[in-house]
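Notes for the one structure printed next.
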There are 2 protein chains.
Amino acid sequence: MAERRKFRREGEERRRQDLIEATLDCVAEHGIEGATLRAIALRAGVTAGLIRHYFPGKEELLQAAYATIVERMTQQAFDFLDDGATTPRLRLAAFVAANLTLPIADAKVFSLWAGFIGRAHADPALSAVHREGYLGFRDQLEYLLAETFASANRPQNAGALRRHAIAVNAIIDGLWIEGCMAGDLFETGELAQIGIETVGRVLGIELEGAGA
Amino acid sequence: MAERRKFRREGEERRRQDLIEATLDCVAEHGIEGATLRAIALRAGVTAGLIRHYFPGKEELLQAAYATIVERMTQQAFDFLDDGATTPRLRLAAFVAANLTLPIADAKVFSLWAGFIGRAHADPALSAVHREGYLGFRDQLEYLLAETFASANRPQNAGALRRHAIAVNAIIDGLWIEGCMAGDLFETGELAQIGIETVGRVLGIELEGAGA
DNA sequence: CGGCTTGTTATGCAAGCGTATAAATACGGC
DNA sequence: GCCGTATTTATACGCTTGCATAACAAGCCG
């Protein structure tokens with residue numbers, strides 16, 4: 001009667017990552033309130049008590065999960081920039097487009113973002129994670145813009161560059177949200193095209209053509 | 001001993017509104033998970049059981065609260081447009097600025113928005129409320145843009161107008177989020193100025209000067 | 001191959017949740 | 001002034017949650 005469940009011992013890092021991944025799945029599917037310790041454990045294939053062996057409490061697990069998704073989003077947005085050494089304006093155009101198409105502009109990713117953002121106001125630790133991600137994103141974007149302006153022989157001073165980064169970041173974020181929340185209202189690739197066109201106009205640099 | 005609490009009977013509409021307002025306060029302060037029936041009732045100055053007398057369940061109360069805040073935000077954004085019969089481009093500039101300053105660009109309002117957005121994915125009713133608000137906002141914005149283009153002798157066809165509305169909506173939303181989440185990173189009025197400047201460039205219409 | 005460590009399961013607990021229901025009281029109509 | 005009604009309070013129930021702890025076994029070390 002009541003046979004005890006068989007199990008395997010996993011490496012510490014592996015288990016932690018599995019638990020984080022299970023947490024992200026739960027948040028994405030049923031919102032942050034669907035991410036109970038029992039649901040997370042079930043999805044990770046362990047029992048709930050084990051979580052306390054790897055994280056001091058639920059809060060720390062959520063923070064780790066949020067940090068993971070923030071880093072992943074920033075990573076996905078930028079890592080392809082190293083692909084081809086094309087011109088800065090093509091790289092910028094590709095960057096904008098990448099942020100407005102899969103896998104970044106995805107309902108599941110947005111669900112994660114929204115779930116955590118809602119909690120960030122009540123949890124300073126989550127808020128700090130968000131700010132770090134935001135500033136990191138904007139810094140890298142600023143560098144990308146500096147390259148583009150330089151290639152167009154229109155170097156900008158620090159203040160102008162910062163304001164441009166703020167504006168372009170807003171365009172990307174805003175379109176990203178529109179696409180995630182109401183993707184069915186737009187044709188495939190429409191938001192990416194609008195994004196490239198809009199950013200181009202804001203910078204005064206044509207991004208759409210092949211452009212050297 | 002154990003005196004029963006005194007109370008006053010309020011009109012139905014008044015009580016419903018009080019409960020909704022208390023719900024919004026709770027969500028704004030401690031996130032949507034802080035909006036328990038007991039906390040809401042405490043803030044509204046009643047006992048928890050009463051809520052069930054005015055709403056079938058907690059879900060319906062949350063939906064009513066979300067509908068209220070969505071309508072309020074849209075209202076605040078547009079009602080001042082009737083103030084002075086100035087030129088369309090001044091009206092547009094004022095509209096952009098209004099969305100990026102108090103009381104719309106406010107941490108509490110954002111906290112509400114974020115709290116509900118996080119739940120919208122799991123609750124189709126909330127999702128519908130959001131979409132209605134979004135489309136309403138965009139429609140009114142589109143009308144504002146049409147006026148502005150007309151006054152500049154550059155009428156746009158329906159498709160171009162729609163794309164412009166999508167882009168401008170994204171700029172406003174994106175800057176709004178930046179301001180709400182990291183307001184301390186910007187000077188007073190800086191985001192409004194960036195917004196006006198950016199929208200002007202996207203439309204190809206100068207919005208900053210007095211401009212007829 | 002037997003013991004030790006510790007990753008893992010199993011069980012329990014107190015608190016808080018949304019909901020249901022009965023008792024009480026405020027207040028308008030007579 | 002009193003009665004009837006329905007708003008409001010009070011209490012309880014069943015469930016779920018995060019957390020604590022004890023029992024157990026997997027796998028390494030000798």
Side-chain angles (χ1 to χ4, degrees), chain A residues 1-23 26-27 29-66 115 118-119 122-123 125-126, chain B residues 1-23 26-27 29-66 115 118-119 122-123 125-126:
Chain A
M1 61 289 263
E3 305 234 331
R4 201 180 177 88
R5 174 173 166 178
K6 304 295 182 197
F7 61 91
R8 274 184 43 214
R9 301 182 131 172
E10 296 283 355
E12 165 162 349
E13 213 43 52
R14 169 67 188 275
R15 270 275 192 260
R16 288 179 73 94
Q17 203 53 45
D18 281 354
L19 288 172
I20 287 176
E21 220 61 47
T23 304
C26 287
V27 174
E29 279 186 25
H30 305 103
I32 205 155
E33 61 195 352
T36 67
L37 290 182
R38 286 168 175 83
I40 293 168
L42 182 66
R43 189 175 279 261
V46 298
T47 52
L50 185 60
I51 295 178
R52 283 263 305 169
H53 210 261
Y54 289 100
F55 297 91
K58 186 187 181 183
E59 194 144 325
E60 287 81 2
L61 172 57
L62 285 178
Q63 288 163 15
Y66 186 47
R119 204 185 151 93
D123 183 346
L126 285 186
Chain B
M1 57 286 277
E3 305 235 332
R4 199 180 178 89
R5 173 173 166 177
K6 305 295 182 197
F7 60 91
R8 272 183 45 215
R9 302 179 125 167
E10 295 284 355
E12 165 161 351
E13 213 43 51
R14 169 66 188 275
R15 270 277 192 258
R16 290 178 71 93
Q17 205 53 45
D18 281 354
L19 288 173
I20 286 176
E21 220 60 48
T23 305
C26 287
V27 174
E29 278 187 25
H30 305 102
I32 204 156
E33 61 195 353
T36 69
L37 291 183
R38 286 168 174 84
I40 294 168
L42 182 66
R43 188 175 282 262
V46 298
T47 52
L50 185 60
I51 294 178
R52 284 263 304 168
H53 209 260
Y54 290 100
F55 296 92
K58 185 186 182 184
E59 194 144 324
E60 286 80 2
L61 172 57
L62 285 177
Q63 288 162 16
Y66 187 46
R119 204 187 152 94
D123 184 344
L126 285 185

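Letters A, B, ... mirror the listed sequences (proteins, then strands); counts begin at 1.
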Q) Considering only heavy atoms, which members of residues 55-66 of chain A lie under 4.0 Å from some atom of DNA chain C? A) none
Q: Rounded to the nearest angstrom, tell me the gap between atom CD1 in Ile32(A) and atom P in dT17(D).
A: 14 Å
Q. Looking only at side-chain N and O atoms, does Arg52(A) come under 4.0 Å of OP1 or OP2 in dC19(D)?
A. no
Q. Using a cut-off of 4.0 Å on non-hydrogen atoms, how would the nucleic acid contact of Arg15(A) be classed: base, sugar-phosphate, or nothing?
A. sugar-phosphate
Q: Work out which heavy atom in His30(B) is nearest to a heavy atom in Glu33(B); give both atom names and the distance.
A: O-CG, 4.1 Å
(Q) If the cut-off is 4.0 Å, is Arg5(A) near the phosphate of dT9(C), judged by side-chain N/O to OP1 or OP2? (A) yes
Q. Between dC24(D) atom P and Leu50(A) atom CG, what is the distance in whole Å?
A. 18 Å
Q: Return the 5'-most residue of the pair Glu10(B), Ala39(A) with respect to DNA chain D, ranking by each residue's nearest nucleotide.
A: Glu10(B)
Q) Can you check whether Thr47(A) has a side-chain N or O nearer than 4.0 Å to OP1 or OP2 of dA10(C)? A) no
Q: Check whether any side-chain heavy atom of Leu62(A) sits under 4.5 Å from a side-chain heavy atom of Arg119(A), and report yes or no.
A: yes
**Q.** Base dG18(D) paired with Arg38(A) side chain (donor-acceptor, <3.5 Å)
**A.** yes
(Q) So which atom in Gln63(A) and which in Asp123(A) form the shortest heavy-atom distance, rounded to 0.1 Å? (A) NE2-OD2, 3.6 Å
Output a table of nitrogen or oxygen pairs between the protein and nucleotides 3-5 of chain D separated by less than 3.5 Å.
none

Q. What are the two closest heavy atoms between Thr36(A) and Lys58(A), and how far apart are they?
A. CA-NZ, 4.3 Å
Q | Whole angstrom value for the distance that separates C1' of dG18(C) from CD1 of Ile40(B) | A | 11 Å
**Q.** Separation of atom CZ in Arg4(B) from atom P in dT25(C), rounded to whole Å
**A.** 6 Å
Q. So which heavy atom on Ala35(A) is nearest to which on Ile40(A), and how close?
A. O-CD1, 3.9 Å
Q. How about Ile20(A) and Phe55(A): do any of their side-chain heavy atoms sit closer than 4.5 Å?
A. yes
Q.
Just to be sure I understand the rule, does Leu37(A) reach a base, reach only the sugar-phosphate, or reach nothing, if contact means heavy atoms closer than 4.0 Å?
A. sugar-phosphate
Q. For Tyr54(A) and dT8(C), is the shortest distance between a side-chain N/O and OP1 or OP2 below 4.0 Å?
A. yes
Q: Give a yes/no answer on whether the side chain of Arg8(B) brings an N or O atom under 4.0 Å of OP1 or OP2 in dT7(D).
A: no
Q. If you look at every heavy atom in Gly34(B) and Ala39(B), which pair is closest and at what distance?
A. O-CB, 3.7 Å
Q | Exam field: side chain Glu60(B) to backbone Gly57(B), donor-acceptor pair closer than 3.5 Å | A | yes
(Q) Can you give me the bend angle of the helix from dC1(C)-dG30(D) to dC30(C)-dG1(D)? Use the axis through the first five pairs and the one through the last five, nearest 10 degrees. (A) 10°
**Q.** Pairwise side-chain contact, Arg15(A) with Val46(A), heavy-atom cut-off 4.5 Å (strictly under)
**A.** yes
Q) Which of these nucleotides, dG7(C), dT17(D), dA26(C), is closest to any side-chain atom of Lys6(B)? A) dA26(C)
Q. Does His53(B) put a side-chain nitrogen or oxygen below 4.0 Å from OP1 or OP2 of dT8(D)?
A. no
Q: Nearest whole angstrom, please: distance from the C1' of dT17(D) to the NE2 of His30(A).
A: 17 Å
Q) Can you name the nearest heavy-atom pair linking Arg43(A) to Cys26(A), along with the distance? A) NE-SG, 4.0 Å
Q: Calculate the interatomic distance between Ile51(A) atom CD1 and dA20(D) atom C1'; express it in whole Å.
A: 14 Å
